[in-house]
Amino acid sequence: MLHEMSDALPACPVETTLTLISDKWKVLILRDLLTGTKRFGELKKSLGGVSQKVLTSQLRQMEASGLLKRKVYAEVPPRVEYTLTELGYSLQPVLEAMRDWGEAYKKRF
C-alpha cells in the first residue's frame with residue numbers, strides 16, 4: 001500500500017509532507033497521539049469541533065499512509081485504540097517547529 005502511494009506523491013518534498021498532514025484535524029490528531037495511545041472517544045473530545053464521520057475518515061487516511069496504527073479489541077462494546085507508528089513519531093520535530101512558530105507569532109501581536 002505504501003509503495004503504491006509513493007508512486008502518486010508529488011516530486012516536491014514540502015508538498016509531499018503537506019499531502020500527508022495538510023488537514024487541520026490530521027495535525028491535531030498527530031499532536032494528541034505524540035503523548036501516547038488514545039481511544040477514539042478521547043481524540044474526539046480533545047479535538048472539540050470534529051464530527052465522528054470526519055474523525056473516522058482522517059484516522060483511516062492516516063492509517064493508510066502509515067502514520068498510525070489502529071488496534072481493535074474483541075470486547076462489547078468494541079474498544080479501538082490509535083497509536084502513532086515510527087513514521088508518525090518522526091513528524092514530532094515538524095509539529096514542535098509549528099508550535100514554536102505559532103507561539104512566537106502570537107507574542108508579536
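In this text, all values refer to a predicted model and were calculated from it rather than measured experimentally.
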Least distance between heavy atoms, W25 atom then V50 atom:
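In this case the closest contact between W25 and V50 is CH2-N, 3.5 Å.
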
Do I21 and L67 come close enough that some side-chain heavy atom pair is under 4.5 Å?
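They are in side-chain contact.
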
Side chain to side chain donor-acceptor pair (under 3.5 Å): which pairs involve residues 26-48, sequence neighbours left out?
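Output for this query lists K26-Q61, D32-S46, T35-K38, T37-T83.
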
Has S57 got a side-chain atom pairing as donor or acceptor with K53's backbone, closer than 3.5 angstrom?
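No; zero donor-acceptor contacts below 3.5 Å.
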
Quick one: side-chain contact (heavy atoms from CB on, under 4.5 Å) partners of [X], sequence neighbours excluded?
{"X": "L34", "value": "L84, Y89, Q92, L95"}
{"X": "R99", "value": "E96, E103"}
{"X": "T16", "value": "L9, P10"}
{"X": "V80", "value": "R70, V72, Y82"}

Taking L20 as the starting point, is it possible to reach L18 by hopping between hydrophobic residues whose side chains are less than 4.5 Å apart?
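No, separate clusters.
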
For the pair L55 and I29, evaluate side chain to side chain contact (heavy atoms under 4.5 Å, CB included) and give the outcome as yes or no after the intermediate values.
CA-CA 9 Å; L55 179 56; I29 291 166; 3.6 Å; yes

Run the ring-ring contact (aromatic ring centres under 6.0 Å, His included) test against Y105 and tell me which residues pass, sequence neighbours left out.
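Y105: ring-ring contact (aromatic ring centres under 6.0 Å, His included) contacts with W101, F109.
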
Pairs meeting criterion salt bridge (Lys or Arg N to Asp or Glu O under 4.0 Å) with involvement of residues 74-95, two or more places apart:
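Matches after skipping sequence neighbours: E75-R79, R79-E81.
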
Quick one: do L30 and L68 satisfy side chain to side chain contact (heavy atoms under 4.5 Å, CB included)? Show the steps, please.
CA-CA 9 Å; L30 286 168; L68 59 82; over 6 Å; no

If hydrophobic residues (ILVMFWY) are linked whenever their side-chain heavy atoms come closer than 4.5 Å, directly or via other members, who joins V76 in its cluster?
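Listed partners: none, V76 stands alone.
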
